[in-house]
2 protein chains.
Amino acid sequence: MVRSDARENRARILAAAREAFTEDGDTSMNQIAQRAGVGPGTLYRNYPNREALILDIYQEEIDKLADTVTALLEAQTPLEALRLWTLDLVDAMRKKHGLGGALSATAHASITERSYGPVITAITHLLDAGKQNNTIRPDAEPADFLQLTGALWRAAPDRTEPILTLILDGLSSHSTR
Amino acid sequence: MVRSDARENRARILAAAREAFTEDGDTSMNQIAQRAGVGPGTLYRNYPNREALILDIYQEEIDKLADTVTALLEAQTPLEALRLWTLDLVDAMRKKHGLGGALSATAHASITERSYGPVITAITHLLDAGKQNNTIRPDAEPADFLQLTGALWRAAPDRTEPILTLILDGLSSHSTR
DNA sequence: TGCGCAAGCGGAGAGGTCTCCGTTAACTTC
DNA sequence: GAAGTTAACGGAGACCTCTCCGCTTGCGCA
């Protein structure tokens with residue numbers, strides 16, 4: 001049984017956080033708590049850390065992005081679909097403040113699963129499509145790819161495409177091995 | 001003209017930081033300042049932030065690592081030399097606390113140049129050797145490679161080699177451009 | 001309708017990075 | 001040597017993330 005005030009507080013926190021992040025881009029947890037009219041303690045009971053909150057804020061966008069995979073795979077070759085999708089992912093990571101760090105954080109607790117899961121699933125589908133038609137090496141691992149994606153997001157924007165090309169070439173099965 | 005107490009303080013800070021990091025592994029800036037017998041203000045005048053200090057602590061190791069390139073290139077093929085050297089780099093990043101983050105931080109101010117430079121030079125040599133004998137694509141950029149290296153260090157240790165293989169395959173010139 | 005009791009609250013505070021600025025003391029000049 | 005200049009000092013404190021715990025209050029039950 002969830003107490004009504006608890007449910008309401010959680011909603012208020014999420015709303016406040018959404019506002020704060022879209023307005024300021026960067027906001028402290030304390031400010032969010034204040035804006036939501038709760039104490040820091042309450043904020044942290046709902047979200048064990050900054051990343052968890054950020055992930056929840058952008059959950060919808062993450063899901064939406066993951067959902068585009070099917071359409072992409074219908075219209076493009078697997079490799080090109082992967083390229084386009086990754087560009088979108090990196091774009092989201094850059095625009096949504098802190099999302100990049102949250103997604104590529106190494107500590108993937110069970111809480112992160114909600115956000116991490118769809119992304120991994122999306123990548124898995126993309127890679128599988130490529131493996132099927134032999135354009136992507138069979139030993140390619142989704143989690144490894146996501147890891148590499150972090151480098152993309154951290155790099156200067158004008159280096160994104162060159163580096164992605166490099167990564168995709170490494171994934172291609174026409175490499176020896 | 002550098003005041004004598006200033007010179008001495010800088011030395012004491014570096015010594016204290018080295019001790020603190022090899023002992024505890026993780027230490028706060030305040031603790032280091034205290035250990036060195038100076039105020040936080042003095043610490044931060046010498047090192048504008050945490051990364052700068054860490055970089056200075058491990059400068060010698062960085063230089064040493066950069067110096068191994070020549071020998072490696074004499075004994076190995078360029079691609080294998082690059083592989084071995086990168087493994088060493090990642091190992092250092094993992095062992096020296098915070099070095100990974102400091103090296104792959106995007107904000108490369110002039111202070112970072114002292115540490116960043118040798119690493120880039122080393123990578124440049126390795127890549128150039130490969131370009132020379134046509135095993136590495138001619139458009140490979142040292143800075144891009146260093147960026148990708150960050151993903152290596154952040155990944156789980158047992159994923160290091162697989163991911164590195166991927167990266168190196170991407171760099172190889174037998175990929176279609 | 002009233003009571004008991006977790007579940008939930010929120011703020012004080014620990015410990016962090018880094019800054020600002022009034023004070024101190026190392027060098028220069030006479 | 002004494003005095004003046006100014007670079008360097010260092011600590012108070014702003015602001016951060018996150019925790020701990022005494023107090024409050026919503027809810028099930030009589």
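By convention in this document, chain letters (A, B, ...) are assigned in the order of the sequence lines, proteins followed by strands, and residues within each chain are numbered from 1. Keep in mind that the numbers below use all heavy atoms, side chains included, and drop hydrogens, waters and symmetry copies.
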Between [X] and [Y], does any side-chain N to carboxylate O distance fall below 4.0 Å?
| X | Y | value |
| --- | --- | --- |
| B/Arg12 | B/Asp5 | no |
| A/Lys95 | A/Glu61 | no |
| B/Arg18 | B/Asp56 | no |

Does a nitrogen or oxygen in the side chain of [X] sit under 4.0 Å from OP1 or OP2 of [N]?
| X | N | result |
| --- | --- | --- |
| A/Arg3 | D/dC27 | no |
| B/Arg45 | D/dC9 | yes |
| A/Asn9 | C/dC9 | yes |
| B/Gln31 | C/dG16 | yes |
| A/Ser28 | D/dC16 | yes |
| A/Tyr44 | D/dC18 | yes |

Polar side chain donor-acceptor pair, A/Thr135 to A/Asn133, under 3.5 angstrom: yes
Check: B/Gln59/B/Asp63 side-chain N/O donor and acceptor closer than 3.5 Å: yes
A/Pro40, nearest nucleotide to its side chain (from D/dA8, D/dG28, D/dC18): D/dC18
Nucleotide nearest A/Ser4 (side chain, heavy atoms from C-beta), chosen from D/dG26, D/dG10, D/dA8: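 For the A/Ser4 side chain, the nearest candidate turns out to be D/dG26.
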Measure from [atom1] on [X] to [atom2] on [N] and round the result to the nearest Å.
| X | N | atom1 | atom2 | value |
| --- | --- | --- | --- | --- |
| A/Ile13 | C/dG10 | CD1 | C1' | 11 Å |
| B/Leu53 | C/dG16 | CG | P | 15 Å |
| A/Tyr47 | C/dG10 | OH | C1' | 18 Å |
| B/Asp26 | C/dT17 | CG | P | 8 Å |
| B/Glu8 | D/dG10 | CD | P | 11 Å |
| B/Asn49 | C/dT19 | CG | C1' | 13 Å |
| A/Arg10 | D/dG26 | CZ | P | 20 Å |
| A/Arg7 | D/dG26 | CZ | P | 13 Å |

Upstream residue (5' side of DNA chain C) when A/Asn30 and A/Gly39 are each assigned their closest nucleotide: A/Gly39
